[in-house]
Amino acid sequence: MTLRLYDTATGEVRDFQPLREGEVGIYVCGLTVQSEPHVGHVRSAVNFDVLRRWLLARGEKVTFIRNITDIDDKILLKSAAQNRPWFNLAYDMKRELDKAYDALNVLPPTYEPAATGHVPEMVELIEALIERGHAYPAGDGSGDVYFDVRSWPSYGELTHQNVDDMEAAADADPRGKKDPRDFALWKGWKPESEPATASWPSPWGRGRPGWHIECSAMAGKYLGEAFDIHGGGVDLRFPHHENEQAQSRAAGHPFASYWMHNAWITTSGEKMSKSLGNSLVVPEVLKQVRPVELRYYMVAAHYRSTVEFSFEALGEAATSYRRIENFLERAGGFAESGELPAEFAEAMDDDLGTPAAMAAIHNAVREGNKQLAEGDVGAVVTASNVRRMLAVLGLDPADPHWAAGSGAAEGLSNAVDVLVRALLDQRQAARAAKDFAAADAIRDRIAEAGIEIEDTPEGPRWSI
RNA sequence: GGUGGGUUGGCCGAGAGGCGAGGCAACGGACUGCAAAUCCGUCUACACGGGUUCAAAUCCCGUACCCACCUCCA
């Protein structure tokens with residue numbers, strides 16, 4: 001079975017063929033660390049984490065680079081408004097982002113380069129572009145350097161656009177540009193409005209990098225001039241990725257072989273940033289559901305489908321996930337990893353068809369529940385297969401990552417267990433004596449504490 | 001103006017010419033002291049109008065509405 005992936009550049013699902021057999025290099029555009037991450041932001045990370053895990057499951061060696069942009073206009077604006085240094089804002093938000101990624105069981109990248117750490121690499125790339133006649137320092141003394149769009153005939157190729165049909169920027173201050181569509185590779189320092197700490201020396205004077213050039217430079221440094229997959233959110237297709245590709249290829253680098261883009265999570269049909277209060281910031285959402293349930297919600301939809309966020313749907317996803325967990329617990333589940341059913345593998349090979357993969361999991365769960373009901377020991381095998389499939393999606397309930405248990409939390413849960421068991425013993429005694437009123441009263445009291453009781457052939461079980 | 005995507009049942013969310021994905025909810029049955037969990041069964045679909053075809057949610061043409069991007073937004 002070959003893996004097939006949708007490639008934005010060609011607009012179709014293609015067989016995936018890595019440049020080097022058995023090795024895959026992936027570059028994903030991470031975030032500009034300027035505010036707390038919301039659920040939309042982390043979807044991208046979760047989606048590409050699933051890609052990575054699937055490649056690993058297929059036996060590939062994966063080098064996964066995800067950058068952060070820690071200097072840009074918005075960071076400067078926001079930090080100024082908050083009256084603190086830009087690097088403090090960026091660092092603070094990076095830590096929030098790390099927490100959110102970790103909470104959702106997103107594997108740490110092989111490396112996470114930051115823009116500010118790669119200015120020399122960017123300068124080098126810009127120099128190469130100037131030498132080749134694809135970039136020029138602005139003629140207005142601003143210290144800016146622009147990419148010359150007209151010098152690169154295939155500009156627009158990634159997003160299937162014709163340069164002449166593009167609208168020039170609305171804020172169209174052409175500054176020193178030859179063509180309004182030319183974009184900044186390097187931005188000259190403006191001493192009157194920007195802190196000196198946000199500027200670096202360059203052959204064109206002090207300044208800071210343009211947005212697009214950083215990814216070209218960092219991808220080149222860590223993955224080589226040619227690599228396999230470049231990913232990011234759909235909004236990045238243009239201009240960001242179009243520009244990255246133009247720059248890199250104009251510099252003589254083949255760059256990415258496949259381009260993958262994840263869709264948005266919307267609210268009220270619109271992109272989050274438009275309507276967002278802070279209610280959808282990751283830590284807030286995690287007050288409603290467990291992290292694994294949020295991840296399940298995001299993985300259950302195909303990565304190229306827009307997800308209309310709602311707490312109702314999130315709650316349903318949580319219920320659905322608990323059904324799976326419940327089965328694993330009843331099966332005595334935590335057997336060593338099993339096999340990946342063909343149904344699951346085929347779904348994943350088909351452009352990461354997580355919805356169909358999820359259906360495969362649920363089918364196995366139903367089968368396993370039936371086996372349990374019939375006393376069939378095959379249930380254990382089914383359970384380990386279910387675990388294996390979940391693990392590929394980063395959703396294995398037994399993954400120690402989810403336990404997150406501080407020693408204190410664990411101690412607490414042991415204490416609760418002892419107390420609940422004591423009550424359950426009383427209830428069992430009442431039931432044995434056919435005093436059901438008393439038995440139900442005990443169950444109701446436990447329920448008031450938010451704990452559910454289930455009677456099984458092996459005795460009562462409790463869960464929160 | 002250009003480019004890309006969408007509209008599926010009570011809800012979420014797949015599929016991309018025939019064989020009803022899956023989940024949530026609801027209803028009926030089995031199990032249970034009653035529940036819960038589980039199993040079995042049932043129900044409600046493909047925006048609209050044409051067309052192609054033995055067969056269309058799926059292909060074609062048209063219409064409506066929605067969303068995204070068009071130079072520093074995941």
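Every heavy atom of this structure was used, including side-chain atoms; hydrogens, water molecules and symmetry mates were not. Convention: sequence-line order gives letters A, B, ...; per-chain numbering from 1.
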Peer 1: When rounded to the nearest Å, what value does the distance between C1' atoms of B:rG9 and B:rG23 take?
Peer 2: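 One C1' to the other, the span is 14 Å.
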Peer 1: Whole Å only: how far is the NE2 atom of A:H230 from the P atom of B:rA74?
Peer 2: 13 Å
Peer 1: Using a cut-off of 4.0 Å on non-hydrogen atoms, how would the nucleic acid contact of A:S305 be classed: base, sugar-phosphate, or nothing?
Peer 2: sugar-phosphate
Peer 1: When the distance from OH of A:Y297 to C1' of B:rC24 is rounded to whole Å, what number comes out?
Peer 2: 13 Å
Peer 1: Hey, what do you get for OG1 (A:T266) to CZ (A:F309), rounding to the nearest 0.5 Å?
Peer 2: 10.5 Å
Peer 1: Look for any protein N or O under 3.5 Å of an N or O in nucleotides 8-10 of chain B and output each such pair with its distance, or none.
Peer 2:
none

Peer 1: Measuring to OP1 and OP2 of B:rG5, would you say a side-chain N or O of A:T306 lies under 4.0 angstrom away?
Peer 2: no
Peer 1: Distance check, P atoms only: B:rA45 and B:rU32, in whole angstrom units.
Peer 2: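 Result for the P pair: 37 Å, nearest Å.
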Peer 1: Starting at the 5' end of RNA chain B, write a dot or bracket for each base, bracketing those in Watson-Crick or G-U wobble pairs whose two distances are under 3.5 Å and using | for partners on another strand.
Peer 2: (((((((..(((.....[...))).(((((.......)))))....(((((..]....))))))))))))....
Peer 1: Between the base of B:rC72 and the side chain of A:K187, is there any donor-acceptor pair under 3.5 Å?
Peer 2: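 Result: at least one qualifying N/O pair found.
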Peer 1: Return no unless some side-chain N or O of A:K177 is found under 4.0 Å from OP1 or OP2 of B:rU71.
Peer 2: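 Answer is no, no contact under 4.0 Å.
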Peer 1: Taking B:rU52 as the reference, what is the distance to B:rC19 when you measure between their C1' atoms (whole Å, please)?
Peer 2: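 Their C1' atoms lie roughly 22 Å apart.
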Peer 1: Begin with the C-alpha distance, continue with both residues' side-chain angles, and end with the deciding distance and a verdict on side chain to side chain donor-acceptor pair (under 3.5 Å) for A:T382 and A:E367.
Peer 2: CA-CA 8 Å; A:T382 308; A:E367 178 60 27; over 6 Å; no
Peer 1: Determine, stepwise, if the pair A:E194 / A:R206 fulfils salt bridge (charged side-chain N to carboxylate O under 4.0 Å, His left out).
Peer 2: CA-CA 12 Å; A:E194 294 174 3; A:R206 292 196 76 82; over 6 Å; no
Peer 1: Centroid-to-centroid, A:H241 to A:H261, below 6.0 Å?
Peer 2: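 A:H241 vs A:H261: aromatic centres under 6.0 Å.
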Peer 1: Does a donor on one side chain and an acceptor on the other come within less than 3.5 Å for A:W152 and A:S154?
Peer 2: yes
Peer 1: According to the interplanar angle, ranging from 0 to 90°, do the rings of A:Y146 and A:Y136 count as parallel (below 30°), tilted (30 to 60°) or perpendicular (above 60°)?
Peer 2: tilted
Peer 1: Of A:Y258, A:F255, A:F64, which meets ring pair (Phe, Tyr, Trp, His ring centres under 6.0 Å) against A:F227?
Peer 2: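 When A:Y258, A:F255, A:F64 are each tested with A:F227, the ring pair (Phe, Tyr, Trp, His ring centres under 6.0 Å) holds only for A:F255.
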Peer 1: Taking only nitrogen or oxygen atoms into account, show me every contact under 3.5 Å that the protein makes with nucleotides 31-33 of chain B, one pair per line with its distance.
Peer 2:
{"unit_1": "B:rG33", "atom_1": "N7", "unit_2": "A:R431", "atom_2": "NH2", "d": "3.4"}
{"unit_1": "B:rG33", "atom_1": "O6", "unit_2": "A:R431", "atom_2": "NE", "d": "3.1"}
{"unit_1": "B:rG33", "atom_1": "N1", "unit_2": "A:D440", "atom_2": "OD1", "d": "3.1"}
{"unit_1": "B:rG33", "atom_1": "N2", "unit_2": "A:D440", "atom_2": "OD2", "d": "2.8"}

Peer 1: According to a strict under-4.0 Å criterion, is A:R323 in side-chain N/O contact with OP1 or OP2 of B:rU38?
Peer 2: yes
Peer 1: Taking atom P in both B:rU7 and B:rC48, what distance in whole Å separates the two?
Peer 2: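 Approximately 13 Å lies between the P atom of B:rU7 and that of B:rC48.
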Peer 1: Is it the case that more than 12 heavy atoms not belonging to A:F311 sit under 6.0 Å from its CZ atom?
Peer 2: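 Enclosed: over 12 neighbouring heavy atoms sit under 6.0 Å from CZ of A:F311.
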Peer 1: Please classify the nucleic acid contact of A:H240 as base, sugar-phosphate, or nothing, using heavy-atom distances under 4.0 Å.
Peer 2: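 Answer is nothing: A:H240 stays at 4.0 Å or more from every strand.
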Peer 1: Restricting to pairs with a member in residues 427-437 of chain A, which pass side chain to side chain donor-acceptor pair (under 3.5 Å), not counting sequence neighbours?
Peer 2: A:R427-A:D455, A:Q428-A:R431, A:R431-A:D455
Peer 1: Among B:rC69, B:rU71, B:rA74, find the nucleotide with the atom closest to the side chain of A:L31.
Peer 2: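 Closest of the options to the side chain of A:L31: B:rA74.
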Peer 1: Do NZ/NE/NH1/NH2 and the carboxylate oxygens of A:D102 and A:K99 come within less than 4.0 Å?
Peer 2: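 Judged by the 4.0 Å cut-off on N to carboxylate O distance, A:D102 and A:K99 do not form a salt bridge.
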Peer 1: Taking the C1' atom in each of B:rA57 and B:rG20, what is the distance between them to the nearest angstrom?
Peer 2: 12 Å
Peer 1: How many angstroms lie between atom OH of A:Y296 and atom OG1 of A:T354, to the nearest 0.5 angstrom?
Peer 2: 10.5 Å
Peer 1: Starting at the 5' end of RNA chain B and moving along, which residue's nearest nucleotide shows up first, A:A373 or A:G30?
Peer 2: A:A373
Peer 1: What integer number of Å spans the P atoms of B:rC67 and B:rA26?
Peer 2: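 Nearest-Å result for B:rC67 against B:rA26 at atom P: 33 Å.
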Peer 1: Which residue pairs satisfy the salt bridge (Lys or Arg N to Asp or Glu O under 4.0 Å) criterion with at least one member in residues 354-365 of chain A, sequence neighbours excluded?
Peer 2: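 Matches after skipping sequence neighbours: none remain.
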Peer 1: Taking atom P of B:rA36 as reference, at what distance in whole Å does atom CD of A:E325 sit?
Peer 2: 20 Å
Peer 1: Nearest whole angstrom, please: distance from the P of B:rU71 to the NE2 of A:H212.
Peer 2: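 Computing the A:H212:NE2 to B:rU71:P distance gives 10 Å.
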Peer 1: What is the nucleic acid contact for A:G232, judged by heavy atoms within less than 4.0 Å: base, sugar-phosphate only, or nothing?
Peer 2: sugar-phosphate
Peer 1: For A:I324 and B:rG22, give me the distance from atom CD1 to atom C1', rounded to whole Å.
Peer 2: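 In whole Å, B:rG22 C1' lies 10 Å from A:I324 CD1.
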Peer 1: Can you tell me how far P of B:rA14 sits from OH of A:Y296, to the nearest Å?
Peer 2: 12 Å
Peer 1: C1' atom, B:rA16 versus B:rG5: distance in rounded Å?
Peer 2: 16 Å
Peer 1: Are A:R322 and A:E325 close enough for a salt bridge, meaning some N to O gap below 4.0 Å?
Peer 2: no
Peer 1: Provide, to the nearest angstrom, the distance between the CH2 atom belonging to A:W264 and the C1' atom belonging to B:rC66.
Peer 2: 17 Å
Peer 1: So A:R43, base contact, sugar-phosphate only, or nothing? Heavy-atom distance under 4.0 Å.
Peer 2: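 Contact class for A:R43: none.
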Peer 1: Rounded off to whole Å, could you give me the CD-to-P distance for the A:E312 and B:rG13 pair?
Peer 2: 12 Å
Peer 1: Select one nucleotide: of B:rU3, B:rC12, B:rG13, the one nearest the side-chain heavy atoms of A:H160.
Peer 2: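 Closest nucleotide to the A:H160 side chain: B:rU3.
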Peer 1: Taking the minimum atom-to-atom distance to the side chain of A:S320, which one of B:rG5, B:rA14, B:rC24 wins?
Peer 2: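 Closest nucleotide among those given: B:rC24.
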Peer 1: Of the candidate nucleotides B:rA74, B:rA36, B:rC67, which contains the atom at the shortest distance from the side chain of A:L236?
Peer 2: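 So the side chain of A:L236 is nearest to B:rA74.
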Peer 1: From the options A:R304, A:R14, A:R4, select the one residue that forms a salt bridge (Lys or Arg N to Asp or Glu O under 4.0 Å) with A:D351.
Peer 2: A:R304
Peer 1: Among the candidates B:rA74, B:rA21, B:rC12, find the nucleotide nearest to the side-chain atoms of A:P355.
Peer 2: B:rA21
Peer 1: Against A:D148, only a single residue in A:K177, A:R181, A:K178 fulfils salt bridge (Lys or Arg N to Asp or Glu O under 4.0 Å); can you say which?
Peer 2: A:K178
Peer 1: In sequence, state the C-alpha distance, the side-chain angles, and the governing distance for A:D440 and A:R443, and then conclude on salt bridge (charged side-chain N to carboxylate O under 4.0 Å, His left out).
Peer 2: CA-CA 5 Å; A:D440 289 351; A:R443 184 169 62 194; 3.4 Å; yes
Peer 1: Among A:D72, A:D144, A:D73, which residue satisfies the salt bridge (Lys or Arg N to Asp or Glu O under 4.0 Å) criterion with A:R208?
Peer 2: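 Checked A:D72, A:D144, A:D73 against A:R208; only one passes salt bridge (Lys or Arg N to Asp or Glu O under 4.0 Å): A:D73.
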Peer 1: P atom, B:rA56 versus B:rC46: distance in rounded Å?
Peer 2: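 Each nucleotide's P atom is 13 Å from the other's.
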Peer 1: Scan residues 356-372 of chain A against RNA chain B and write down, sorted by residue number, each residue with any heavy atom closer than 4.0 Å; if none is found, say none.
Peer 2: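 Under 4.0 Å from RNA chain B: A:A359, A:H362, A:N363, A:R366, A:N369, A:K370.
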Peer 1: Taking any heavy-atom pair under 4.0 Å as a contact, classify A:F147: base, sugar-phosphate, or nothing.
Peer 2: nothing
